[in-house]
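Hydrogens, waters and symmetry mates play no part in the numbers below; they use all other heavy atoms, side chains included. Counting convention: from 1, in listed order, for ligands and their atoms alike. Numbers here are sequence positions counted from 1.
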Amino acid sequence: MEGLASFRAVPSFTSRPRSSILGTALNPRRGNSLSLPSSSSSNVRAQQTESKDDEPEPVKIELKIKEWENSMYHNEVAASQGIRIRRRPPTGPPLHYVGPFEFRLQNEGNTPRNILEEIIWHKDTQVAQLKERQPLYSLKKALDNAPPVRDFVGALRAANSRTGLPGLIAEVKKASPSRGVLRENFDPVEIAQAYEKGGAACLSVLADEKFFQGSYDNMMAIRDAGVKCPLLCKEFIIEAWQIYYARSKGADAILLIAAVLPDLDIKYMTKICKMLGMATLVEVHDEREMDRVLGIEEVEFIGINNRNLETFEVDISNTKKLLEGKRGEEIRKRDIIVVGESGLFTPDDIAYVQEAGVKAVLVGESIVKQSDPEKGVAGLFGKDISLKSV
Ligand SMILES: O=P(O)(O)OC[C@@H](O)[C@@H](O)c1c[nH]c2ccccc12
């Protein structure tokens, strides 16, 4: 249902994509407007008739239709698996013109329904742009120069047997959509080194810029500074291309979010990671996602997020709930390493999730906020877990 409240006026001189699939198909004066610098409408029309794109118009229209069908198909498959996050529709809301203004009618179908969906739609656009600059074949070549992969899960297992406590994945995170800026004077390398000194087994480095103020540069800087902890590239992965990209930037592990990715994507991306020697942390939030993920035989490493990424609600009893009964049994039988993620602040929280069955924890806020993150690690566990402690 389209509502008046969702009208947004956009002056026509802004550089917005200027076509919808139907608009393109039905309106012969509109070309592949994504490549057009927009100006006054007459100017736009003039440029459209002299479109310099190689593809003839009917082919372009067909490609757009395919693109649209694919995203509809993805959404149907995803919905059948209980996934609520949809893929970005290939075009924005339809345009309406009143005098010099463009109006976009926003409705359920073309507006993100929650923050996770908004992040995924933004990621889709960003990845499309990055891919154009560095297509897969050249990315694959870049892998020859990437630093070697380190054993992420092995480091967690080793820490767990060394300390008798869950191995720590300490998160280098400046900000988040739910908490805002967590640390003003943010030096990623200094923080990473402090975590390592404090006894972290691995690090998670936020790569998303827009919503988490992270970057791939941070990850590379941490590696280049000689930090030995294996690195999880904390990114919203929706395409295999991003896995190669993360590897080319020195990642040892990546995250796949079950709330976003259908089973087949998880299976296929996990295989790609294995081929590249990387670990794949598959993140779940509820029973349904856990069951889906346990149904994928390639999965060996599962994160239980205590934060609902659609609503931001945090409840650490989620970890316990998802490890009870048959699920817990199967996880033990398959020797799957489980990570308790988010909302962990105190030694009691750590003991609680350990009791529930996790062998590792992923912690950001509580330690990144400390003026001395090295001490923050000891505070979190209630004791010194650094290498010098044993
Ligand atoms: O800062 P916290 O509450 O300790 O949470 C860390 C980590 O679990 C959280 O950042 C996280 C878990 N899964 C994610 C997926 C994307 C972005 C971030 C996350």
Side-chain angles (χ1 to χ4, degrees), residues 85 114-123 126 156 166-183 186 188 191-192 195 198 200-216 218-219 231-238 242 246 251 253-261 266 280-286 289-290 293 301-319 322 338-350 352-353 358 360-370 373 376-377 379-381:
I85 302 303
N114 55 54
I115 180 71
L116 182 55
E117 202 162 80
E118 189 180 342
I119 295 173
I120 296 303
W121 289 16
H122 171 71
K123 199 53 68 185
Q126 191 194 0
L156 290 175
L168 173 64
I169 308 170
E171 189 152 275
V172 180
K173 169 172 167 187
K174 175 163 185 185
S176 74
S178 61
R179 296 281 197 235
V181 173
L182 296 167
R183 190 183 179 96
F186 185 82
I191 294 166
Y195 284 160
C202 298
L203 305 183
S204 160
V205 185
L206 258 310
D208 176 78
E209 290 183 16
K210 180 165 183 197
F211 298 90
F212 290 85
Q213 297 190 33
S215 72
Y216 284 92
N218 287 354
M219 200 168 67
L231 305 181
L232 170 74
C233 172
K234 203 54 152 349
E235 173 63 297
F236 295 84
I237 294 199
I238 49 175
Q242 293 169 280
I254 54 132
L255 179 81
L256 298 179
I257 303 176
V260 170
L261 297 168
I266 296 177
T280 318
L281 178 59
V282 185
E283 178 175 297
V284 301
H285 174 70
D286 58 24
E289 289 173 9
M290 179 63 106
V293 163
F301 189 31
I302 296 179
I304 299 179
N305 200 349
N306 297 314
R307 179 177 293 113
N308 179 331
L309 292 173
E310 293 174 44
T311 63
F312 292 150
E313 264 166 49
V314 181
D315 178 1
I316 69 166
S317 71
N318 202 38
T319 296
L322 298 195
V338 177
V339 185
E341 300 180 0
S342 308
L344 304 172
F345 287 85
T346 66
D348 281 353
D349 293 344
I350 301 294
Y352 177 80
V353 289
V358 309
V361 288
L362 172 53
V363 184
E365 179 176 349
S366 72
I367 45 179
V368 85
K369 273 184 146 175
Q370 307 298 321
V377 172
L380 174 70
F381 284 88

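- Side-chain contact between S204 and L362 is present, with at least one heavy-atom pair separated by less than 4.5 Å.
- Here the side chains of Y352 and I316 are in contact, with some heavy-atom distance below 4.5 Å.
- For N305, the side-chain hydrogen bond (donor to acceptor under 3.5 Å, both in side chains) partners at least two apart in sequence or on another chain are E283, S342.
- The two residues L232 and L255 come nearest to each other via the heavy atoms CD1-N, 3.8 Å.
- When side chains are defined from C-beta on, L168 does not count as touching Y195, because their heavy atoms never get closer than 4.5 Å.
- D315 and S317 form a side-chain donor-acceptor contact under 3.5 Å, judged by distance and modelled atom types alone.
- Around ligand 1 you find E171, K173, F212, K234, F236, L255, E283, N305, R307, E341, S342, G343, L362, V363, G364, E365, each with a heavy-atom distance below 4.0 Å.
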